[in-house]
Every structure is written in C-alpha cells, then in structure tokens.
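Since we're looking at a predicted model, the values are computed, not measured. Chain A is the first sequence line, chain B the second, and so forth, proteins listed ahead of strands; every chain is numbered from 1.
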There are 2 protein chains.
Amino acid sequence: MSKTQRMPHCDKSDCPVAHATDIVGDPWSLLIIRDMLILGKHEYKEFMQSPEGISTNVLANRLKKLVCADLIEWINHPEYKTRKLYYLTPAGKDFIHVIVALASWADRNMDSVSLPPEMAEKLRNNPQGIIENALRALTEWEEKYLQQS
Amino acid sequence: MSKTQRMPHCDKSDCPVAHATDIVGDPWSLLIIRDMLILGKHEYKEFMQSPEGISTNVLANRLKKLVCADLIEWINHPEYKTRKLYYLTPAGKDFIHVIVALASWADRNMDSVSLPPEMAEKLRNNPQGIIENALRALTEWEEKYLQQS
DNA sequence: CCGCATCCCTATAGATACTG
DNA sequence: CAGTATCTATAGGGATGCGG
C-alpha cells in the first residue's frame, strides 16, 4: 500500500484556506482561472497559448479538476464539433476577488513585477472597476453562448 | 541533464499572477503564511503542530523560500538559544488581503467548509476587521520582540 | 530539546511524443 | 484540435542524524 501519499488538506483541517489549497494551491490552476477571468479565454488552445507554457496533460488534468470542483463547466462549441467551450461557474467567477487581490499584492510587493503603467494604475486606484469589467464581459459571453432554459 | 524541468513562471511572463505563483503557488507556503498572519505563530514547532501535518523537510524548505522571497525573516529567540522566531516582513503582512480574500471565497463557495458561526459572521460582514486585528497583533509582537534601531 | 539536514523511497508532476 | 500515453524528474512523507 502507498506508504507515502498526500492526504487532501480538507480531510485534516477545517480551515477554509486549507480547503481552498486543495483546489487552487497550485500554479497552473490559478493561471487557467486568470486566463478565463481576466483574459476572457474559453478554449483549450487559448490556454495553451499563454506564455507560461502549460503542457497538454497538465492542462487536461487541471480542467478536469476544476470541473470536479465546480469552478468551471463546458459545452460543445456550437460551430466546430471538435472543440469545447469552457466557462466559469458562479463560484469560479467569484474567484475574481482572489485573483485581483493576488495581482495587487504582487504589484505592490514584488520588484520583478512591472506592469504597463496604465494597467498598474487601474490595479492601484480602481480594482473594483477591473472586477466589474471582467464580470460584465463574462455575462455578455454567457448571453451569447449559453441558452438559458 | 534534466530533460524536463519547470522554469519559473516569472521568466516566461510579465503577469503579476504568474510571478506570485512562483512564491505562493503551493499549498504549504500558503498554510505557513496563514499560520503567521491569522494564528499568530512564530516558531518552527508551532508550524509543525498545524493539523495539515507538514513534514520537517518541507517546512524547512518553505521557510527558506519565504525568506528568500522576502516574505518572512527571523531572529534568535531571546530566551531559548536553540529556537528561532520567524516574523512577517511588510510584504508578508500585506499578503493578509489575499489570505482573507481566499478564506472568504472558500466560505462562500465551498460546501465542505463550515466555520464556527461567529467566525463565518466576521468573515462575511467585517473582513476588514479581521485584517485590522491581525495587523495589530503582529505590530504588538514586533514591539515586544524587535528592537528597532 | 530544537531546528533543521539527509536519506530512502514512492507517488505525483509535468515535458514530450503520440493518437482518435 | 483535444486530449491520452509514456517516461523521467521532482515533491514530499517518514525515519534518522546531528550540531548547538
């Protein structure tokens, strides 16, 4: 039997942070969520194109994990049958507050981060505006692609 | 030579989220920071006692990483020469906004999270109060243990 | 005791090649 | 194009060692 195996933190702790790390406690999941929230991406190949260079197996694995965790869902592409369209659930969209907090923190504290000034300015002076814009864009996408029953 | 090796995201991307994941894109780092910010922990053995069960090599490794990333520093324990006291730098303390955002998100969206009602109430209605309390506690600790020059 | 460092060993992460 | 298969390097649990 497995002598060494990591048990999910949610089995050992009641802390919400510990529970959250089971889902978003790795770089790739965070980057996929960023792609969807901030960059408005919806397709496998769009995720592949991000500069961080996720590999195919990792991407497939994380998409599955995020679906299981109910942060994202997918539908078939209405036009190209071989594609899927991924989109954020309410829980996934709500994660924007964490992403913006993280980006703001990095902007404030990491010397290696240097954003285009107009982006930095937004992040510092009007993060709420970023959140609202992102959520509006997602809503527009949903109205276009998701037929509500 | 290593055929497969992960390059830090900061080398490939300018995104602040990508840069942040190089430091806090793993569960254990986040849990250590939570311990320091929310639970007021300062010692190796206190981190060891957290219910998630970090192991000694991982703890030592992460403490080093966090020192290198300038999120934490340490001094010798003034009383017990064999101990160290870890404490958060300004960048580390500023991370409280991310931790609280993450905890709030988990509280709102993860069914498996059920906080004591009085804690949940604070998180929902007065997260700013949590932040202020945490920062005040850290300042008090600093006044006690850090002689300012 | 305390804070690690090291070793051993397995499970997982992730790069690359490949497939339906 | 969207994944799976394969394969290697790393992560990290557990035990132990060791200097202070």
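Ring geometry, A:His9 versus B:Trp28: the interplanar angle exceeds 60°, so the pair is classed perpendicular (tilted spans 30 to 60°).
What separates CG of B:Asn61 from P of D:dT10 is a distance of 14 Å, to the nearest Å. The separation between B:Arg62 atom CZ and C:dA5 atom C1' is 16 Å, rounded to whole Å. As a whole-Å value, the separation of A:Met7 CE from C:dT10 P is 19 Å. The distance from atom CD1 of B:Ile32 to atom P of C:dG3 is 13 Å, rounded to the nearest whole Å. When the P atom of D:dG12 is taken as reference, atom CG of B:Asp26 falls 6 Å away, rounded to whole Å. Straight-line distance from the CZ atom of A:Phe47 to the P atom of C:dG14: 17 Å, rounded to whole Å. Distance B:His77 NE2 to C:dG3 P: 9 Å, rounded to the nearest Å. Nucleotide C:dC1 holds its P atom 13 Å from the CD atom of B:Gln49, rounded to whole Å.
Applying the side chain to side chain contact (heavy atoms under 4.5 Å, CB included) test to B:Ser50 and every residue at least two apart in sequence or in another chain returns B:Arg34, B:Asp35, B:Lys41, B:Glu52.
Not one side-chain nitrogen or oxygen of A:Arg6 sits closer than 4.0 Å to the OP1 or OP2 atom of C:dT10. For the pair A:Trp28 and C:dA13, the criterion of a side-chain N or O lying under 4.0 Å from OP1 or OP2 is not met.
If you check the side chains of B:Asp26 and B:Ser29, you find a donor sitting under 3.5 Å from an acceptor.
Ion pairing of B:Lys12 with B:Asp22 is absent here, as no side-chain N (NZ or NE/NH1/NH2) approaches a carboxylate O to less than 4.0 Å.
The aromatic ring centres of B:Tyr87 and B:Trp141 sit less than 6.0 Å apart. For B:His97 and A:Trp105, the gap between ring centers reaches or exceeds 6.0 Å.
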When you compare the protein's N or O atoms with those of nucleotides 1-3 of chain D, which come within less than 3.5 Å of each other, and at what distance?
residue: D:dA2; atom: OP2; partner: A:Lys45; partner atom: N; Å: 3.2
residue: D:dG3; atom: OP1; partner: A:Lys84; partner atom: NZ; Å: 3.2
residue: D:dG3; atom: OP2; partner: A:Tyr86; partner atom: OH; Å: 2.6
residue: D:dG3; atom: N7; partner: A:Tyr44; partner atom: OH; Å: 3.3

